[in-house]
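What follows is a single structure, written as structure tokens, with notes after it.
Computed from a predicted structure; not experimentally measured.
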Amino acid sequence: MAHFTKPAAGSWTTNYPELGTAPVDYTDSIDPDHYAAEQKAIFRRTWLNVGRVERLPRTGSYFTKELPSAGAGTSVIIVKGKDGVIRAFHNICRHRGNKLVWNDFPHEETAGTCRQFTCKYHAWRYSLDGELTFIQQEGEFFDVDKSQYGLVGVRCEVWEGFIFVNLDPNAAPLTDYLGPLAKGIEGYPFHEMTEVYHYKAEVGSNWKLFIDAFAEFYHAPVLHQGQYTKEEAAKIQQYGFEALHYELAGQHSMISVWGGQSPPKDLNMVKPMDRVLRSGLFGPWDRPDIDGLDSPPPGLNPARAPQWGADTFVFFPNFMILIWAPGWYLTYHYWPTAVDRHIFEGTLYFVPPKNARERLAQELAAVTFKEYALQDANTLEATQTMIGTRTVNEFLLCDQEILLRHLHKIAHDYVNDYKERTNGSAR
């Protein structure tokens with residue numbers, strides 16, 4: 001992984017000549033055949049983040065995760081065993097294939113705590129480590145060996161409290177896959193930030209288009225001008241937006257930006273509500289008093305810029321972590337459901353508030369985030385509608401859109417490599 005500094009008249013993109021500078025073909029976001037190939041080549045063969053360890057606080061804690069992008073109906077159970085190990089299993093009973101863990105609606109995710117898993121259909125039971133422990137009327141079966149009919153396991157590993165699964169049993173270890181970008185932020189106090197706000201929505205666009213939207217800030221002065229005061233919006237539009245640093249590392253990437261100072265040097269930059277609650281688009285202004293914030297990991301703020309505000313880490317294929325200077329973080333997930341639709345999840349993590357004012361500051365940040373995320377999502381549906389006409393297939397990308405250029409290339413590389421290994425098909 002190389003570290004580049006952009007000269008005054010230079011270019012980030014040309015630091016990575018393999019990307020090229022030509023217009024990018026967006027057919028990959030509208031072609032059903034390409035989407036079908038992505039399911040097999042990408043989502044069934046890469047590490048997918050499904051949550052954090054705080055969701056499994058005790059023995060028997062579990063949650064389910066639907067993985068539509070990895071094939072129709074794919075669902076996994078993530079559970080903490082009696083030995084404290086977090087495991088994952090395909091959410092399917094070995095008797096007649098019923099979904100094992102679900103509540104009233106089989107397509108909805110669920111969570112809870114149990115001593116064992118019991119199938120709703122015929123009451124077969126499985127231990128927390130996946131062993132088949134009970135068969136209803138076992139004597140009616142023929143030479144059954146319960147040890148051969150446990151739950152089907154899924155590769156499951158944990159990095160910095162983030163739980164990942166991989167449907168490919170032969171995949172490389174998680175830390176190898178995440179690589180140096182993840183290594184550079186190890187030690188950040190993610191575990192201290194357990195106050196959670198979560199949003200989930202189905203968006204009418206290809207999954208890569210929403211990643212595109214959050215992987216560049218070129219659009220921010222225009223699309224999100226309503227989040228600023230009128231004077232500040234005019235100033236940003238006049239001078240534009242230039243990020244502090246971009247970096248590509250294998251299939252992953254990151255962008256570092258200014259902003260998020262707490263409090264702003266000029267309070268006229270923000271709205272009256274922000275001033276009262278000392279919070280807003282960049283989160284609460286008052287940094288929490290916890291270890292790890294004043295001596296951050298080396299991978300944060302690689303430009304060492306005093307005006308640093310946030311770093312966005314894009315872990316391919318569909319997971320993003322945004323670490324904000326004031327001391328909180330945000331995650332995005334993008335779960336494809338069709339070539340032109342996906343489920344978007346945004347989750348905000350704060351240090352638990354100590355009083356009502358801190359709680360309101362966090363709530364304002366969460367509501368403000370929802371507003372600008374909706375602005376992005378609305379624009380993306382308009383994009384999907386028009387590129388679907390195929391009137392134009394190739395689009396110009398500027399130097400600040402280097403992460404977009406990289407994302408579409410990597411997705412193509414995975415599909416092309418898979419087709420080569422399966423004799424030119426996407427079986």
Side-chain angles (χ1 to χ4, degrees), residues 26 29-30 35 38-39 42-43 48-52 55 63-76 78 102-111 162-163 195-217 219-220 223-224 226-227 280-283 310 312-322 324 328-350 362-388 404 407 411:
Y26 267 61
S29 299
I30 59 175
Y35 168 71
E38 286 181 337
Q39 289 183 285
I42 297 174
F43 287 93
L48 306 173
N49 175 250
V50 293
R52 280 198 54 82
R55 295 194 64 187
F63 63 88
T64 65
K65 187 66 186 176
E66 300 298 299
L67 303 176
S69 48
T74 302
S75 175
V76 294
I78 298 90
W102 56 284
N103 287 332
D104 295 332
F105 303 98
H107 295 295
E108 292 186 1
E109 296 171 355
T110 188
F162 293 95
I163 304 169
E195 189 74 16
V196 179
Y197 294 81
H198 180 73
Y199 295 104
K200 181 177 181 179
E202 187 170 16
V203 180
S205 82
N206 183 268
W207 63 282
K208 296 185 294 297
L209 296 186
F210 213 154
I211 298 180
D212 286 353
F214 284 141
E216 54 88 4
F217 289 80
H219 72 276
L223 183 60
H224 302 310
Q227 301 291 355
L281 178 60
F282 302 125
T312 299
F313 295 86
V314 185
F315 293 111
F316 187 83
N318 69 330
F319 178 48
M320 297 172 72
I321 303 176
L322 288 76
W324 293 82
W328 65 288
Y329 76 97
L330 172 65
T331 64
Y332 298 143
H333 294 84
Y334 313 83
W335 301 102
T337 56
V339 65
D340 58 356
R341 303 196 71 80
H342 73 278
I343 294 171
F344 167 72
E345 295 180 311
T347 311
L348 299 84
Y349 295 84
F350 303 101
Q362 293 178 0
E363 290 184 357
L364 177 61
V367 171
T368 306
F369 157 75
K370 181 180 179 181
E371 174 63 24
Y372 82 79
L374 285 171
Q375 292 172 6
D376 281 304
N378 187 55
T379 302
L380 295 177
E381 296 195 355
T383 300
Q384 188 72 47
T385 298
M386 293 315 299
I387 65 173
L404 285 64
L407 170 66

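- Distance CG/Leu330 to CG/Leu322: 5.0 Å, rounded to 0.5 Å.
- Closest approach of Val50 and Phe63 over heavy atoms only: O-CE1, 3.4 Å.
- The line from CG of Asn318 to CD1 of Ile343 is 11.5 Å long, rounded to the nearest 0.5 Å.
- Here Glu363 contributes atom CD and Glu195 contributes atom CD; the two are 9.0 Å apart, rounded to the nearest 0.5 Å.
- By the 4.5 Å heavy-atom criterion applied to side chains, Phe162 and Ile321 are counted as neighbours.
- Each of Phe210, Tyr332, Trp335 was evaluated against His342; a single residue qualifies, Phe210, per the ring-ring contact (aromatic ring centres under 6.0 Å, His included) test.
- Contact record, Gly204 with Glu381: N-OE2, 2.8 Å, taken as the closest heavy-atom pair.
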query = Would Gln384 and Ile30 count as a side chain to side chain contact (heavy atoms under 4.5 Å, CB included) if you check the C-alpha gap in whole Å, the side-chain angles of each, and the deciding distance to 0.1 Å?
reply = CA-CA 8 Å; Gln384 188 72 47; Ile30 59 175; 3.6 Å; yes
message = I'd like to know whether Ile387 forms a side chain to side chain contact (heavy atoms under 4.5 Å, CB included) with Leu209, so could you lay out the CA-CA distance, the side-chain angles of the two residues, the decisive distance to 0.1 Å, and finally the verdict.
response = CA-CA 11 Å; Ile387 65 173; Leu209 296 186; 4.0 Å; yes
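- Using a 3.5 Å distance cut-off with no hydrogens or angles, the side chains of Trp207 and Glu38 do pair a donor with an acceptor.
- The shortest side-chain heavy-atom distance between Glu108 and Asn103 does not fall under the 4.5 Å cut-off.
- Taken from CE in Met320 to CG in Asn49, the straight-line distance is 13.0 Å, to the nearest 0.5 Å.
- Considering only heavy atoms from C-beta on, Leu348 stays 4.5 Å or farther from Trp324 through its side chain.
- Proximity of a side-chain donor or acceptor of Thr64 to a complementary backbone N or O of Thr110 within less than 3.5 Å is detected.
- Legend: residues meeting salt bridge (charged side-chain N to carboxylate O under 4.0 Å, His left out) with Lys65, ordered by chain and number and at least two apart, are Glu109, Glu345.
- Using a 4.5 Å cut-off on side-chain heavy atoms (C-beta onward), Leu407 and Phe316 make contact.
- With hydrogens and angles disregarded, a donor-acceptor distance shorter than 3.5 Å links the side chain of Asn206 to the backbone of Val339.
- Residues Val314 and Phe214 have side chains not in contact (no heavy-atom distance under 4.5 Å, counting atoms from C-beta outward).
- Taking the six-membered ring for Trp, Tyr199 and Phe369 have ring centres closer than 6.0 Å.
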inquiry  = Could you go through Phe344 and Leu380, starting from their C-alpha distance and side-chain angles, then the distance that decides it, and tell me whether this counts as side chain to side chain contact (heavy atoms under 4.5 Å, CB included)?
reply    = CA-CA 12 Å; Phe344 167 72; Leu380 295 177; over 6 Å; no
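- Rounded to the nearest 0.5 angstrom, Thr312 OG1 and Glu216 CD are separated by 11.0 Å.
- Taking Glu202 as the reference, Arg341 meet the side-chain hydrogen bond (donor to acceptor under 3.5 Å, both in side chains) condition, with sequence neighbours excluded.
- Using a 4.5 Å cut-off on side-chain heavy atoms (C-beta onward), Lys208 and Tyr334 make no contact.
- Atom CG of residue Leu374 and atom NZ of residue Lys370 lie 6.5 Å apart, to the nearest 0.5 angstrom.
- When all heavy atoms of Ile211 and Pro317 are compared, the pair lying nearest together is CD1-O, 3.4 Å.
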